[in-house]
Each structure stands twice: as structure tokens, then as C-alpha cells.
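Quick note on labels: first sequence line is chain A, next is B, and so on, each numbered from 1.
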Amino acid sequence: MVDSTSSPRVVTRFAPSPTGYLHIGGARTALFNWLLAKKTGGKFILRIEDTDLKRNTPTATQQVIDDLKWLGITWDEGPEVGGPNAPYFQSQRRETYDKYIKQLLDMGRAYYCFESTEELGQLRGQAEAQKKGFIYQRPAELPTQKDVEKAKAEGKPVTIRFAMPEGTIVINDIVRGEVSFNTAELGDFIIIKSDGFPTYNFACVIDDHLMGITHVIRGQEHLMNTPGQQALWQALGFGNPPQYAHMSVTISESGGKLSKRERPQTLRKAIKARPEIYLGKLADIGGIGTDVLKDFLAGDSVPDVPAIEAIAKYLGVELPEINVVDFFKNGYIPEAMVNFLALLGWSTGDTREVMPLQELIDCFDITRLTKSNSLFDRGKLVAYNTEHLKMLPKEKLLAHFKAYLKVVDSPVAKADNETLLRLIKICEGARTLADIEHKCKFLFVADDKIEFDEKAVQKVLLKDNGLAMLKLVRDKLAEMPELTEQGIEDMLRSLANQNNVGLGKVAQPLRVAITGSTISPPIFDSVQMLGKQNTLARIDNTLKKFTGK
RNA sequence: GGCCCCAUCGUCUAGGCCGGUCCAGGACACCGGGUUUUCAACCCGGCGACAGGGGUUCGAAUCCCCUUGGGGCUACCA
């Protein structure tokens, strides 16, 4: 176990509550803790804070684990890998917490309470009416075991609060410096809920101590919890608390803290903006009841993720990417995500920005965390993705691409590795994997299933003799015994020369004919990969469709 | 409302602790031009910031105070 007298090895942790997919803010927190552990040769622990039965979803832990793995963040102790401090699920550590609760109770540093949520709410309302903050008033005489029996008999809820000591608590934060709090303004907080489970503020202290956590990097939203946790730490005689580093918060482009609520909110807005849409239809699409949908629109509840996504897709609404999987599904690669995330609220101090993971680890310095909040700028993320797409070894890219094709259920997934590698190569400069997929999809659909882009048809085929040029190209192509990139290029160039036009005038009609769009990989590769037969078939289809013969 | 945090280009940031080398550097975005078989990529150039007001000082982006603005927390959530 951890021996604090020997060289103080760094131990950090990421402690998510399993309420759904890992969101980008959580990923950033995990990343910084992981980076610090890697940099110092320390240990990184994954601990699941599932003490709120109401909020946990059964699949969430797995989702979080998958997302962390996708990002490349691995843990030395935690779910799946185990470790000396198991179990790593707080819901399975009840006896441990009970032991410390008993200790606090015996010392008179914790006490029982019997107010219901409603009573508490009332008191809070009164305080608010007087424009004062609500602070729980500790009774002059603390309830005894007898009172507890009585309350239980009467069916009252029983909770336990920590008796905050009087005075000022100063926390020495790595990023904020010294921050002091007057405990009178904090009040006694609940450490054991009426269902017997510990609250976050309690369980976290016990586990951080038991697991030998030396550094806690977390969002600024936890700053106000820290004095309480530190007081608990002292009351329990745990020695020196961990070093805290409260990072800046990531702000969304629409205002406040980046939150997973943004996706449903965006959808809700979109539905309300189109009152003509029949709700029953939307409910069907989402596979939910109309009443569920109505509750959602009223702001009362949120349907599950697949329902949200299905409805958004149907309406053509782009949901903001908030969860790590959202970025995965939109064609971002983890190397870029990690790089970008690391530079939100942290910098190397020199001008280095785009760098591989190992370099990130090497130059990580916890003292260089920024104090001010930062806005999540998707445009910059795209730029990082573009750079990493260029930098990454081809085999790794191939693996990412295959995973992406699978998750979006693309027809391109049928291609073999060799083909996929070639697609990646001819799409050099792409910004996302989605770009590559969109560009190359035409190779994997049937000849008669090409969807023509209206603008492309107008601009390229119906203007400047586009169709006539296409016919010329068709005939030349038909004459070629075998299609090679070079052969196609020579043919197209000489055709352009003969007609005294630029290459674009011959290449674009061909491009639109075989892909339906003006956007594709380089035309020579495109035709060669599609093959002679399919290319001719598509040209003929196009000619027939737009000239009537 | 209360408590706490923060404040440099549109955005991410460097610089600030140890005041002069900063009429503020880089990156992304944007605008203009170039390259080009499309998109993307690429090349060149441009626009663009120390929130405001008081101090301290020979001198302040850098130190102090106030104002304003932004953010967080204010649960039997984490």
C-alpha cells in the first residue's frame, strides 16, 4: 500500500458517476489526472462514484470505460483491472464508510437529522424569501440513539450530517493559490443519505485517503466542496489532504458550462420551432410514447439517447457534440481530441500546440493550468483533427477509420484493408474521417443508386456543354483496354487540349456523372477505383437521365 | 440574494510571481491573393487584444483598490 514516508509517488484518480456517456468535460478532467500520473511515473485510478441509485444507469459504467479506452486513457487500478484497493465501485464499499461514520458519530463530529426533503425545502424557501443563503441550524443538543429509534418508528427519514468546525478553512490550490472560507457560511452538510448511502462529499474523502490519492485535479465547480472535504479529512485524522488543483471550467459556445443537457435542449428548441410537425410521428420515430415526447417538450423529462438521436436525424437537426462518442461518431480521432482537450486550460509555455500524446506527457506541467474559463471552440478542434490525420501512422489511421465506419454503419465498411488504406491516401488533407467517408461512399453504392446534387447538375452538366463533353469522355474511355490512373489522366488532358479548355471542364462532368456531386477524391483515382464497367454504366445513366437518350 | 473564482486579438493562449527588452508573440477562425481536376490540403499577405476607472512608480498588460462583465456553487447530484 501507499507509504507516505518514502518517496511520495503521485497517485491521481478519475471518479465519474455513471450517469451516461462520458462527456467532454469529464474527459478533460480524466486526461489531466492521467497526464500528471504519466508524467511523474505515478499511478492513475479509476473509481466509480455510484452512490446515487436514482441517477445511475445500468450501462453507463461500460460506456464511460469504452470512451476512456477510445481516448487512450488507461488506468492502473479500477474496474476490469482490479487492484489492492478494490472494490472500485463506491456502492460496494458501504462497510468501509460505515466504519468511519461510526467514528465521527462517537466523536460527536457527526449527528443524526430527521427532516424530510419537504421540510428542508420549506426552510430553504424561507431563507430565500429573506434573501439569505440557507444554512442548516445545528440543534443545541444532538439527537441520541433513542431519538433515532423513535424517528425510525415514526417513519421519518434519517440522515447524518457532519458538524463543521467553526472558523476559517484555507485551501491551498495549485491553480487558485490560497482560497479561504468561513465555515459558518458553509453549514453542516449531509454525509449519509436516508437510504444509507454516503454522499459524494463523504465517500470521496474516505476513498481518496484509503487509495492514497496525492493530487486531485477537478473542475472549479468542486471548489466550494473542498473546505468541507478538507474539514472531514482533518476530523478523521487522515493527515495531509491531497493537493487540489481546481481547473477552469469549459464553457459552451452557447454560454454556460458545457453540459450534456445541451443536446436534448437543442432538439426541444428545434421541435418547438416547427409547430406543424405531428408529434405522434416524432414519437414513433423515437420509439417512445407521445406522452413521453410531450413531457420532454414541457421540459419535465428527457427521453433516452437513441430516441433523441433518431428524432434529430429525422428532423435534420444537428445536435451539438457533447459526449466523447458524439465526436467519435462525427469522425474525430482520439489523438486530436486529447491534444485539443489538453490545450483547453493548459499550455506548454512555448508555441508548441499540435503534438503526439507522448510529447504531451513529456511536457505536461500541472502548475501551468490556466485560471480562467475557456470556450470549447469546435473550429479549432477540426483544425487539430486535420493535423493529426496527417501525422498519424497509416496503420493507426486505418484502425480508427474502420471503427468509425462500423459505428456509423457505412457501406464503405465493406472495403478491404488495402482499399481502405488507398482511400485514406487519396483523401489526404481531409478534416475528419466523416469527410473521407462522404467522399468515397460513391464507390460502394449501386450504379443506379447515385443521388445527384441539384446544384452540381445545374452548374456542371447543364452548362457549358457539360453533357456533350461527358459523351466525348465516355467514348474515349470505352476505347481504353485497361484503366490506369496515368492512362485516364493522359486521356482527359489530351481531350481538354483538343477542345481548348481547362482540365476542369472535362473532369467535372465526369465527376458528377460517377459520384453525383462535385466533391470526390482526385478524379483519376476515382475512375480507376470504380472501374471501367461501372464508370461507363454511370455515364450512360447520367446521359440518359439528363438528355433523354 | 449569499459565498467563491476569473478578466490579453472573435476563440485558445504566451507574457504577469521577478514592472522597462511588449506601440504585446503564436495558433485557430476570418478577409485578400496564389496553387489547383472538385472539396480539402498547401503557400503568401492582412485584420485583430492588455474591460473601465483610480492609485503605487521615473516607468504598469504586469503590483494594489474600486466598478463593470463573465463563470461556478448555493441538493438526502456528483
May I have the distance from [X] (atom [atom1]) to [N] (atom [atom2]), rounded to whole angstrom?
X: A/Leu530; N: B/U37; atom1: CG; atom2: P; answer: 22 Å
X: A/Leu503; N: B/U37; atom1: CG; atom2: P; answer: 5 Å
X: A/Ile523; N: B/A40; atom1: CD1; atom2: P; answer: 17 Å
X: A/Ile169; N: B/C4; atom1: CD1; atom2: P; answer: 13 Å
X: A/Phe452; N: B/U38; atom1: CZ; atom2: C1'; answer: 16 Å
X: A/Asn339; N: B/A27; atom1: CG; atom2: C1'; answer: 12 Å
X: A/His438; N: B/C39; atom1: NE2; atom2: C1'; answer: 12 Å
X: A/Gln508; N: B/U36; atom1: CD; atom2: C1'; answer: 11 Å

Distances for protein N/O vs nucleotides 8-12 of chain B N/O pairs under 3.5 angstrom?
{"unit_1": "B/C12", "atom_1": "OP1", "unit_2": "A/Leu375", "atom_2": "N", "d": "2.8"}
{"unit_1": "B/C12", "atom_1": "O2'", "unit_2": "A/Leu343", "atom_2": "O", "d": "3.0"}
{"unit_1": "B/C12", "atom_1": "O2", "unit_2": "A/Lys380", "atom_2": "NZ", "d": "3.3"}

Rounding to the closest angstrom, what is the interatomic distance between [N] and [M] at atom [atom1]?
N: B/A14; M: B/U8; atom1: C1'; answer: 10 Å
N: B/U74; M: B/U67; atom1: P; answer: 26 Å
N: B/A27; M: B/C23; atom1: C1'; answer: 23 Å
N: B/U21; M: B/C65; atom1: C1'; answer: 29 Å
N: B/U62; M: B/C18; atom1: C1'; answer: 11 Å
N: B/C30; M: B/G10; atom1: C1'; answer: 8 Å
N: B/C5; M: B/U11; atom1: P; answer: 24 Å
N: B/C63; M: B/G19; atom1: P; answer: 9 Å

Look through every strand shown and name the nucleotide pairing with [N] as Watson-Crick or G-U wobble, where both distances are under 3.5 Å.
N: B/U68; value: B/A7
N: B/G46; value: B/C30
N: B/C18; value: none
N: B/G1; value: B/U74
N: B/C39; value: none

> How are the rings of A/Trp346 and A/Phe364 set to each other: parallel, tilted or perpendicular (split at 30° and 60°)?
Replying inline: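 Aromatic pair A/Trp346/A/Phe364 classed tilted.
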
> According to the interplanar angle, ranging from 0 to 90°, do the rings of A/Tyr112 and A/Phe114 count as parallel (below 30°), tilted (30 to 60°) or perpendicular (above 60°)?
Replying inline: parallel

Could you go over nucleotides 74-78 of chain B and give all protein N or O partners under 3.5 Å, atom names and distances?
{"unit_1": "B/A75", "atom_1": "OP2", "unit_2": "A/Arg124", "atom_2": "NE", "d": "2.8"}
{"unit_1": "B/C76", "atom_1": "O2", "unit_2": "A/Ser194", "atom_2": "N", "d": "2.6"}
{"unit_1": "B/C76", "atom_1": "O2", "unit_2": "A/Ser194", "atom_2": "OG", "d": "2.6"}
{"unit_1": "B/C76", "atom_1": "N3", "unit_2": "A/Ser194", "atom_2": "OG", "d": "3.0"}
{"unit_1": "B/C76", "atom_1": "N4", "unit_2": "A/Glu115", "atom_2": "O", "d": "2.8"}
{"unit_1": "B/C77", "atom_1": "OP2", "unit_2": "A/Lys193", "atom_2": "NZ", "d": "2.9"}
{"unit_1": "B/C77", "atom_1": "O2'", "unit_2": "A/Asp52", "atom_2": "OD2", "d": "3.3"}
{"unit_1": "B/C77", "atom_1": "O2'", "unit_2": "A/Arg55", "atom_2": "NE", "d": "3.0"}
{"unit_1": "B/C77", "atom_1": "O2'", "unit_2": "A/Arg55", "atom_2": "NH2", "d": "3.3"}
{"unit_1": "B/C77", "atom_1": "O2", "unit_2": "A/Arg55", "atom_2": "NH1", "d": "3.4"}
{"unit_1": "B/A78", "atom_1": "OP1", "unit_2": "A/Thr51", "atom_2": "OG1", "d": "2.7"}
{"unit_1": "B/A78", "atom_1": "OP1", "unit_2": "A/Lys193", "atom_2": "NZ", "d": "2.8"}
{"unit_1": "B/A78", "atom_1": "OP2", "unit_2": "A/Tyr200", "atom_2": "N", "d": "2.9"}
{"unit_1": "B/A78", "atom_1": "O3'", "unit_2": "A/Glu49", "atom_2": "OE1", "d": "2.7"}
{"unit_1": "B/A78", "atom_1": "N6", "unit_2": "A/Asn225", "atom_2": "OD1", "d": "3.0"}
{"unit_1": "B/A78", "atom_1": "N6", "unit_2": "A/Asn225", "atom_2": "ND2", "d": "3.3"}

> Okay, side chain of A/Arg161, backbone of A/Asp188: is any donor-acceptor separation there less than 3.5 Å?
Replying inline: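 Yes; at least one donor-acceptor contact below 3.5 Å.
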
